[in-house]
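Position 1 is the first residue of the sequence, and the numbers go up from there.
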Amino acid sequence: MDNQTTLEKLSDKVSEIVRQYHSLKSENEALRMEVVTLKAEKEVKDQAIEGLTEENILKDIEIEEIVSKIESILG
């Protein structure tokens, strides 16, 4: 038979809430660390994209200069 007193039932419920709290706290910390990691990775990728964009702009300028030289040679 289950003859728990009200106090024992309350104690069980509080213990379960504490367990859930600790579980959620751990999960929250893991998610926070994942967010930090993802933000750092995003920053690295953004910098790489910015560098490649600048490189493309310089290549476009170089191509325009070559085309201008060819046009000036051809008259």
Side-chain angles (χ1 to χ4, degrees):
M1 286 187 151
D2 192 52
N3 292 329
Q4 285 186 318
T5 66
T6 304
L7 187 57
E8 289 171 332
K9 289 178 184 178
L10 180 60
S11 177
D12 290 345
K13 300 252 184 225
V14 169
S15 294
E16 179 60 28
I17 289 171
V18 169
R19 280 192 293 276
Q20 288 177 351
Y21 166 78
H22 288 296
S23 175
L24 291 172
K25 185 177 176 184
S26 296
E27 183 180 349
N28 188 34
E29 180 63 20
L31 290 171
R32 188 187 71 74
M33 292 302 293
E34 185 176 353
V35 166
V36 168
T37 300
L38 291 172
K39 283 182 178 181
E41 289 174 0
K42 178 190 176 297
E43 182 62 31
V44 169
K45 288 177 184 178
D46 287 348
Q47 289 175 355
I49 289 170
E50 185 177 332
L52 291 171
T53 301
E54 290 175 8
E55 191 176 311
N56 279 342
I57 290 170
L58 293 174
K59 293 290 183 184
D60 286 345
I61 291 170
E62 185 179 350
I63 289 170
E64 289 174 11
E65 290 173 353
I66 291 170
V67 169
S68 292
K69 287 179 183 178
I70 291 172
E71 287 176 343
S72 69
I73 290 172
L74 293 176

Worksheet entry | Test item: S11 side-chain N/O and L7 main-chain N/O as donor-acceptor pair under 3.5 Å | no
Item to complete: Please step through side chain to side chain contact (heavy atoms under 4.5 Å, CB included) for the pair E62 and L58, ending with a clear verdict.
Response: CA-CA 6 Å; E62 185 179 350; L58 293 174; over 6 Å; no
Worksheet item: In chain order, what residues pass the salt bridge (charged side-chain N to carboxylate O under 4.0 Å, His left out) check against E16, with sequence neighbours excluded?
Response: R19
Worksheet item: Do V18 and L10 belong to the same hydrophobic cluster, where Ile, Leu, Val, Met, Phe, Trp and Tyr are linked whenever their side-chain heavy atoms lie under 4.5 Å apart, directly or via other members?
Response: yes
Discussion item. I'd like to know if the side chain of E8 and the backbone of T5 have a donor-acceptor N/O pair within less than 3.5 Å.
Written reply: yes
Discussion item. Quick check for you: to the nearest 0.5 Å, what is the distance between K42 atom NZ and I49 atom CD1?
Written reply: 8.5 Å
Fill in: From N28 atom CG to K25 atom NZ, the distance as rounded to the nearest 0.5 Å
10.0 Å
Fill in: Rounded distance [0.5 Å steps], OG1 in T53 versus CG in D46
10.0 Å
Practice prompt. Any chance you could measure E27, atom CD, to R32, atom CZ, to the nearest 0.5 Å?
Written response: 14.5 Å
Worksheet entry | Rounded distance (nearest 0.5 Å) linking atom CG of L38 with atom CG of L31 | 10.5 Å
Worksheet item: So how far is it from I70 CD1 to E65 CD, rounded to the nearest 0.5 Å?
Response: 12.0 Å
